Each structure stands twice: as structure tokens, then as C-alpha cells.
Amino acid sequence: MSKKSQDLHEMEERWRAFWLEDGTYLYDSSRGRDETFVVDTPPPTVSGSLHIGHVFSFTHTDLIVRYKRMQGLNIYYPMGWDDNGLPTERRVQNVFGVRCDPRLPYDPDLKVEFGREGDVIPISRKNFIELCDIVVQEDEQKFLELFQRIGLSCDWNQMYATIDERSRYVSQLSFLNLLDKGQADHREAPTMWDVDFQSAVAQAEVEDRDKDGMFHKIRFEVEGGGDLVIATTRPELLPACIAVVAHPDDERYKDLFGKKAITPLFKAPVPIIADEKAEPDKGTGILMVCTFGDATDVEWWRQLGVPAREVIGRDGRILSAEWGEGPWESNDPGSAQAHYDKLVGSSINQARKSVVELLEADGATVGEPEHIRRPVKFFEKGDRPLEFVVSRQWFIPVMDKKKELIEQGRKVEWHPAMFLKRYVDWVEGLNQDWCVSRQRYFGVPIPVWYEIDSEGNIVYDKVLVPKKADLPIDPSSDAPEGFTEDQRGKPGGFTGDPDVFDTWATSALTPRIPSGWPDEMERHLKVYPTDLRPQAHDIIRTWAFVTITRSYLEDGSIPWHHAAISGFVLDPDRKKMSKSKGNVVLPTDVLDEYGADAVRYWSASGRLGLDAAADPNVFKEGKRLVTKIRNAARLIQGYEGEGGPPTHPLDLALLSRLRHVVQEATDAWESWTHSIALERVETWFWSDLTDNYLELSKSRAYAGDPSALGTLRTALDVVLRLFAPIVPFVAEEVWNAGADEPSSIHRASWPKPDELPESENANATFHNVVEVLTEVRRAKSEAKVSIKWPVERLTVYCNAPDRLEFVRSVSADLIAAGNIKNLELKAEDKGQNEDDFLIEVQLAESQE
RNA sequence: GGGCGGUUAGCUCAGUGGUAGAGCACUGCGCUUACAACGCAGGGGUCGGCGGUUCGAAACCGUCACCGCCCACCA
């Protein structure tokens, strides 16, 4: 690291320490709701890797917060860590080489090394959770360091984690409230299921992936003669077939409705039914309904009201069955059993192959299988397609509340507004209630027990709930009221719900976790509903949706007034970053190279909602700005003498133009377009101040002219405050230069236009003098001489005398800045257009 | 299949009806007492295509193309 980079990092570290010690960013609980700005911060998944995308979106939040703080608002900006759930479990499995087996007893002496390799060790649930706790502590520390490094102005005393006691309390309490209100129920039903993780998943966690498959055509006989051909990509579900369906208007099959088809191999008679959901032009136009191939199968199964034939188990292997009994109806149970037994225990892929072979041997296939590419549903974190498996799960009903939830979404102001549409589309497209239970270990336990009857059967209708005062509880180690632990799992006793909540069921409550809800309502109401929910657009369907839903169900509220949506970060070539492509930009790398302010500058230049490229040029630009601010400040702060009110026309022009920048920047912040605020301030700083004014004002400033000195100091003071939300470190450094007792710029007030004078002639004065000065520079550049080379004679001709007057009013500054020996301003027509300037520059013969 | 964005200089992006912009990259000059981690000057664009509205369109309307994202019952 170079010396200068080191200085930069030391400077940042110094202010980081000062802000913590000074309490610059602490929430003041004594101030009222209307003077407080509250952020419902996204708790990042700490078991994921640190990503430049975190820096981008969290900086967006911090920009807004810093602006609001300078507007005089009391800021409530907590930070949460999302450690709950599958990502942590996966990481523990990987770094310790273990897996959770809940049947095993707790081993208090278990020792496993971080990063150990070799055989995977099965461990008890309690041991597993202990390892999870170790891992999340480390991960949280890394995120904390990163976030402090980029200068997030959180109140670090307001930290929480989604697995901590407070979160478990809030999560369980809110769930019990829903249960009281009849807004949560459990049922045994076909649910989307990941066969690797062996857990239910919710609609929001599902994604389509295009996969290759084979279309197999299978001949079914029809009772009473004839046959029909079904095309399917999932022949392994043939034993689970409970009906075949065609469109009611389909001439090919019209005569078959009401009859029965006989499945090949298993000889099961199944009804041929008509339904408009069958599309004549897909496959052969007639399809088999299996328990369960997809969500439509589930619907048809419900309509038919027949028992399911479950063939796929929770582990993704084929279950055993007794053909000829119960739902396993067959015209030839013996041969059905013989065929089926060849499948039992095999994986889905193996079973598919076996069924095809059996069908071919039986002559039940038609033609060659055709290749097809089609979307297949996956758990977003999973590797194998989802299956529909019957299991008992807890749901929060949302299908009957779409209208209300859309209405709630409309009450929120979305920035940019287009994301409201994405929210509405998602809610409108919901096709199932929210499944909140997961068959996992590291999560918030579902706080209920069930009674066991005298026969030893679990009576799911008899739900035992804890007293709210006892929360949080773990039903696998705590006993319900009226029972003792030795009655667990015994007839006449109880059993705990074995599952945990979906991570989102807890994350949905982030506005209530740090607020003190519901026990400290006075405090809660000072920070709820919150003002701002910042988040990225990918989790509108999850986090935004679930938060709006839970707030509505809890007390009819909206959780936040504004939602600010950040885009994604793409690599410098605008491609998606991924570890496999090796194009990942690490936040620590760019922070090392360019510094926190420069990285924040890059974030601030990205508009809300738009994806941004991690472009090194923009980081560089930011770093250049930081250097420029320090250098400009060094010049201004180095001048000696008393400053006074601005009286000189150029000084009035500069400050008047700054006055308009203050207004424009404020308007931009107020309309959630921080990138425009940055652009306006930066243009003024670079072009007006450093390129031109600092040069033009030098002679007067060195001479101690009070108007120039006052102007320079005011300009610096104001522009630092305009820059402070974006580059907080250098702004603080320069603000406190030479001060014995630092006083944070971040507690200073946002500039107001009224602090600055307004001059009618500001733009004319500035533009005219700059035009002349630029021409002088051009002449010197063309003559290939240095910028300080003397000008023997500068003549400006113009037909418009008032234009020349503006130049004349600041001619002394112009003469000094251009090193001009003789300046002549002539109201003469030299053939130039209208009132254009015609500028003649006669350079001196020598540099003397 | 439906929806939402985007398309402006080699690159990353501003620019919502009035003479096409910035930074980087490129070329030339310059160490000038704030700044060589820099400054000054310069070259570079049929604003994705077509049609329309208008005195005037990068901008407004229509349409098409391409890129990206979101969603959709996987036969």
C-alpha cells in the first residue's frame, strides 16, 4: 500500500473511531416520532459472502439517512443480522464436516475443528445449533467490520440477529397472535418439497429453471375398447396416475369423457375427465393426473376427491405400496405389484428409466421419445426439482387477502415507483397460502405442542400453546403447561412441534424486533411505522411482501412509508457476477484500493432501482474527488486574513450559483434521486469552484481581500455539507481541520439557500469571465507554452456593451489569473455573430 | 406467453420539447507556491430502426429489433 493510500485509510480510521466515541449517530429516545426518521434495515444473510452489492445498497440507505440527519431529524437506524436458517446450516455442514441427525443425543463434550475434512460426522440437533451459533458470531463480525468501514451511520447499540432471544420472542409471539385470530392454521396437504433438504418450501422460494427432458408417449387402453396416447416427461409418475384429462371441446377425446382409461403396467382404471385447463395443442392434448406432478395435479386431485397415490417419498425415493388395497386399485394387482416392486427405493431418475424400460417391454410406448426443453420448478437454493409431497405444515392464509394486501402495498411510496407494480403482480399471482414451517434445525421453533391420546396417536387438533410470558420457548425441550417433561412422546402426554419457521416469517417482523414491541409500546410507537425500507428488487416477493403481510395481519398497519429499491451490481462488463466466472469484485479489495469515500461515491452515482456496473473508472473518479476536496480545502484554509461579507461581483456570482445548487441538490434528495444531487454539487465544485473561481480569486485572496476570503470560506463550508452524506470521511476531515475539539459535520445542518446571497447577474458574470479565461488558456495551449506565460495584450470585441461590462467588473481577477499585461474591452463589430465575443490573445515574447 | 426496465462518444453514464454532455480512455501541451493520485486544451456521436405529433424531438405517441429483469399450471 502506498504512503498516500495509507494516509487515506488512517484518516478514515480516525473518524470511524471518533464517531463511535462521540456517539455521533446514536438514537435519541427522548425525541418524538415526528422528528425521528426510522429505517427498517435489511438484515443481511451473514452466512453468505461479503458482496459489493451489500456495499452498494447499504450505502444508498446511509446516504438518505445522513441527509435526513442533517435536516435535523433524530435518526433511528438499527442493524440486524440474518443468521437464521438454511444458509447457516449449510455453512456449518461445510466448515465442520458435520450433519444434523435429530435422533442422536446431545454430546456435551463434542469437539469438531473449523475446516476439518474427512467423513461427515452426524451430530445431535443441540450440538448442531451450537456450531451454528459459533459460525454466525464470526460471520457477523465480518459484516460489522465491512459496514463500519464503509461508514454506515447506524446506531450500533441497536443491533439484533434474527436468531437471538429477542427475535425468537417477537417471532413466536406474533405467530401466537395470528393463531389466536385464526390467521394461522396447519394442515396435511401436498406441499412443494425439496428432496435434498427434505423441507417444505414456499412459493416465494421457488424459481423456474429451463431443463432438458424427454417427452415419452404412452398408450393407455380405454375400458370398453380403444386406446389413447398420453405424452409425458414424467413417466415415473405413472403408478401415481389417478385420472386423465382433456379439454372439453377436444374432438379427439370428446367421446371418451366419462369412461375409464387403464394405466399400462399397473392396470389401474382411472376416470377420463374434461377440464378447460387441458390444452389441446400441448403434447397429445390429453394428460395424466398424478399425485403429484405439479400444482394443477393437486387441484384436479382435490376436485376428484379420491385418495392420493403417493409414490415419491420425502427423500425423493419411490415409496412402497400394496397394489390392490386402498387407493392402489388395479385390475391386475399381481402384475402391478411385480412391476412396482422394481421401482421401490429407487431415485426419481432411476425410476423414470425403469418405467420407460418396462413400458417398452410391454409395448406400451409409441414412437421414439422426443427431446423437450421446458421450465422446471426448483427451490432457489436447491439442486433437484421440487416435488409435491403430502406433509403437515403451518400456513398463514394470504390467498383470501390479495385485495387488502395490494391495497396496503399502494399505501407505501415506492422509489422508483415502478416497483409497486412488481409487488402488485406478485400478490396477484399468488397461488398458494404462505407455508411458514420448515423441516430444519437452526431457526425459530414453532411454539406449539400437540396432545397425544391414550392410544399414543398425536392429536393435531389439540394444539397446546405456551403462555406469552414464557416466550421464547423450544417445544422440543420445554414442556407445555399442565404437563411434565416425562410425558413427552407418551400416550396421554404431548409432543412438541418439530419444525422451525421459515426465515422470512421472522424477517417479516424486522420493524418490530428492535422497537420494543409489544411490551414497550411507548418506545415502539416512536419508531413504528418506520419511514424507510431499503432493499434490493429481488426480494420484493419475499421480504417486502411478507413484511407488508405480517404488519397488516398484526395490527392493520403498513410497516413503512417509503420503500427505496436498489439495483444489482454487475461486473465491469455489465455481466452478472458469479464465483464460477471469476468476475466477482470483492468489497474489501476496492476499499483497500480506492478508500471508503470513493466506493460510496460510486454507490451514490447509481440511481435507485437501476443495476450498476462495478466500474473501476467510477471508483477512480471518486478517489479523485476526495483528493480534490482535500487540496482545494488546503488552499482555502491556508489563506490568512479576516473574511467579510461578499461584495465583489465575482464572489456574489459564485455564491449565488451555489445557492441554486443548494436548492437543486435539496430538491433531488427530497425526490429520492441522490445521484442527481451528487452530480449537481460535483459539477459546481469542480467547474465553478476549482477550475475557475479558485484561480480567479487567488490574487485577492493572497492579498487578504475580505470579500474573497469570506466567499472562499462560505463556499467551502456549504459545499462540504452538500458532500457530507456522500463522502463523510473527507468531509469530516476537512470540516474539522485545525480544530482542537472536533465537532461532527454530520450533526451540522443541511445548507439552506438563504445562507447564500442571490445575484441577478451571477450567471452572466461567471459565464462571460470564464469564456474569456478559457480563450486565454486555449491560446497558451495552442502556443504550447505554460499556463502562466504572460499575455502581452488581450482584446475582447463585442457588440453587446453589457457583456463587456460583466467582464470589466471582474477584470482585475481576470488579469491576475491570466497573467495579462494589457486588457482591452472594445464594443466594436469585427464581423462576429450577433453579440458573440471576438477574443484576440497576443502572447508575450518571453516568459519574463 | 404476460409484464417492467434499458438502448446517447471506444467504456460507464447524465440529459423529459429549443445549439448533443460528464468522467474514463485517446491526442497535444504544461511540474503553475491547493492539487502530476494533477492541470489546461483538443479529437471523437446519423442519441437502436421505422413511422407520427410539433415551428422544433435524444426527450412525446405508435411500432419493430436487441439486451436485462420479474412473473407464468413443469402434460
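Lettering of chains follows the sequences in order, A, B, ..., and the numbering in each one begins at 1. Worth saying up front: this structure is predicted, and the values here are computed from it rather than measured.
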Does anything in residues 280-291 of chain A come within less than 4.0 Å of RNA chain B? Heavy atoms only, and list the residues if so. A/Lys282, A/Leu287
May I ask you to say what A/Leu386 touches in the nucleic acid, namely base, sugar-phosphate or nothing, with a heavy-atom cut-off under 4.0 Å? base
Side-chain contact check for A/Arg777: nearest option of B/rC40, B/rG68, B/rC74 is B/rC40
For B/rC60, which nucleotide is its Watson-Crick or G-U wobble mate, given both distances must be under 3.5 Å? B/rG52
OP1 or OP2 of B/rG39 sitting under 4.0 Å from any side-chain N/O of A/Trp686? yes
Quick one: on RNA chain B, does A/Asp538 or A/Leu635 contact a more 5' nucleotide (nearest heavy atom)? A/Leu635
Looking at B/rC26, which nucleotide sits across from it as a Watson-Crick or G-U wobble partner, both distances under 3.5 angstrom, or is there none? B/rG42
The criterion is salt bridge (Lys or Arg N to Asp or Glu O under 4.0 Å); which residues satisfy it with A/Glu771, sequence neighbours excluded? A/Arg803
Mind checking A/Lys211 for me? I need base, sugar-phosphate or nothing, with any heavy atom below 4.0 Å counting as a touch. nothing
Measure from the side-chain heavy atoms of A/Lys628 and tell me the nearest of B/rC74, B/rG39, B/rU32. B/rG39
If the P atom of B/rG6 is compared with that of B/rA14, how far apart are they to the nearest Å? 10 Å
If every non-hydrogen atom of A/Ala783 is compared with every non-hydrogen atom of A/Leu843, which pair is closest and at what distance? CB-CD1, 3.4 Å
Applying the 3.5 Å cut-off to both distances, the Watson-Crick or G-U partner of B/rU32 turns out to be none
Measure from the ring center of A/Phe388 to the ring center of A/Phe292 and say whether it is less than 6.0 Å. no
What are the two closest non-hydrogen atoms of A/Trp669 and A/His674, and how far apart are they? CZ3-CB, 3.5 Å
Once you apply the 3.5 Å cut-off to both distances, tell me the Watson-Crick or G-U wobble partner of B/rC73, or none. none
Taking only side-chain N and O atoms of A/Arg541, does any of them lie within less than 4.0 angstrom of OP1 or OP2 on B/rC71? yes
Need the pair for B/rU19. Rule: Watson-Crick or G-U wobble, both distances under 3.5 Å, any strand; none if unpaired. none
Side-chain contact check for A/Thr296: nearest option of B/rC73, B/rA41, B/rC74 is B/rC73
How far does the C1' atom of B/rC67 sit from the matching atom of B/rG48, given to the nearest Å? 11 Å
From C-beta outward on A/Asp425, which listed nucleotide comes closest to its side chain: B/rG3, B/rC74, B/rC24? B/rG3
Take atom P in B/rA20 and the same atom in B/rA58, then report the distance between them in whole Å. 8 Å
Which nucleotide sits closest to the side chain of A/Glu679: B/rA14, B/rA72, B/rU12? B/rA14
Side chain to side chain contact (heavy atoms under 4.5 Å, CB included) filter on A/Glu782, not counting sequence neighbours, yields A/Arg778
Can you tell me if A/Arg624 touches the phosphate of B/rG39, counting only side-chain N or O atoms and a distance under 4.0 Å to OP1 or OP2? yes
Closer to the 5' end of RNA chain B via nearest nucleotide, is it A/Arg680 or A/Asn692? A/Arg680
Touch check for A/Gly609, heavy atoms < 4.0 angstrom, all strands: base, sugar-phosphate only, or nothing? nothing
When the side chains of residues 597-612 of chain A are checked against the rest of the protein, which donor-acceptor pairs come out under 3.5 Å, sequence neighbours left out?
unit_1   : atom_1 : unit_2   : atom_2 : d
A/Asp597 : OD1    : A/Phe729 : N      : 3.1
A/Asp597 : OD2    : A/Val730 : N      : 2.8
A/Arg600 : NE     : A/Ile726 : O      : 3.0
A/Arg600 : NH1    : A/Asp62  : OD2    : 2.7
A/Arg600 : NH1    : A/Ile150 : O      : 2.9
A/Arg600 : NH1    : A/Gly151 : O      : 3.4
A/Arg600 : NH2    : A/Asp62  : OD2    : 2.7
A/Arg600 : NH2    : A/Pro725 : O      : 2.7
A/Tyr601 : OH     : A/Glu621 : OE2    : 2.7
A/Tyr601 : OH     : A/Glu682 : OE1    : 3.1
A/Tyr601 : OH     : A/Glu682 : OE2    : 2.7
A/Trp602 : NE1    : A/Ala613 : O      : 2.9
A/Ser603 : OG     : A/Val599 : O      : 3.3
A/Ser605 : OG     : A/Trp602 : O      : 2.7
A/Asp611 : OD1    : A/His537 : NE2    : 3.4
A/Asp611 : OD1    : A/Phe568 : N      : 2.8

Between B/rG44 and B/rU8, how many Å separate the two C1' atoms, rounded to a whole number? 14 Å
Gap in Å between the two C1' atoms, one belonging to B/rA59 and one to B/rU19, rounded: 16 Å
Of B/rC35, B/rU32, B/rA41, the nucleotide closest to the side chain of A/Asn631 is B/rC35
What interatomic distance, in whole Å, is found between P of B/rG39 and the corresponding atom of B/rU54? 48 Å
Ignoring hydrogens, what is the shortest heavy-atom contact between A/Met288 and A/Leu237? Give both atom names and the distance. CE-C, 4.2 Å
Salt-bridge contact A/Asp210-A/Arg374 (side-chain N to carboxylate O under 4.0 Å): no
Closest approach of A/Leu304 to A/Ala243 (non-hydrogen atoms, all atoms of both residues): CD1-CB, 3.6 Å
For nucleotides B/rG45 and B/rG10, find the distance between their C1' atoms and express it as a whole number of Å. 11 Å
Determine: side-chain N/O of A/Gln203 to OP1/OP2 of B/rA72, distance under 4.0 Å, yes or no. yes
Would you call the rings of A/Phe685 and A/Phe723 parallel, tilted or perpendicular, where under 30° means parallel and over 60° means perpendicular? perpendicular
Give the nucleotide from the list B/rC24, B/rG15, B/rC4 with an atom nearest to the side chain of A/Ile676. B/rG15
At less than 4.0 Å, is any side-chain N or O atom of A/Lys377 found next to OP1 or OP2 of B/rC73? Yes or no. yes
Contact pattern, 5' to 3', of nucleotides 6-11 of chain B - B, S or - by protein heavy atom under 4.0 Å: ------
Provide the closest heavy-atom pair for A/Pro239 versus A/Arg309 in the form atom of the first, atom of the second, distance. O-CD, 3.5 Å
Per atom distances to the A/Met418 side chain, the nearest of B/rC35, B/rC70, B/rG5 is B/rG5
Polar side-chain atom of A/Asn819 near backbone of A/Lys788 as donor-acceptor pair, under 3.5 Å: yes
Strictly distance-based, threshold 3.5 Å: is any side-chain N or O of A/His415 a donor or acceptor partner for the main-chain N or O of A/Thr673? no
Taking atom C1' in both B/rA9 and B/rC55, what distance in whole Å separates the two? 30 Å
Please list, for nucleotides 27-29 of chain B, all pairs of protein and nucleotide N/O atoms separated by less than 3.5 Å.
unit_1 : atom_1 : unit_2   : atom_2 : d
B/rG28 : N2     : A/Ser781 : OG     : 3.1

Taking atom types as they are modelled, would you say the side chain of A/Lys277 forms a donor-acceptor pair with the base of B/rC73 within the 3.5 Å cutoff? no
For B/rC73, does either OP1 or OP2 sit under 4.0 Å from a side-chain N or O belonging to A/Asn431? yes
Between A/Arg713 and A/Asp717, is the closest basic N to carboxylate O distance under 4.0 Å? no
For the student: nearest non-hydrogen atoms of A/Thr542 and A/Ala204, plus distance: CG2-CB, 3.5 Å
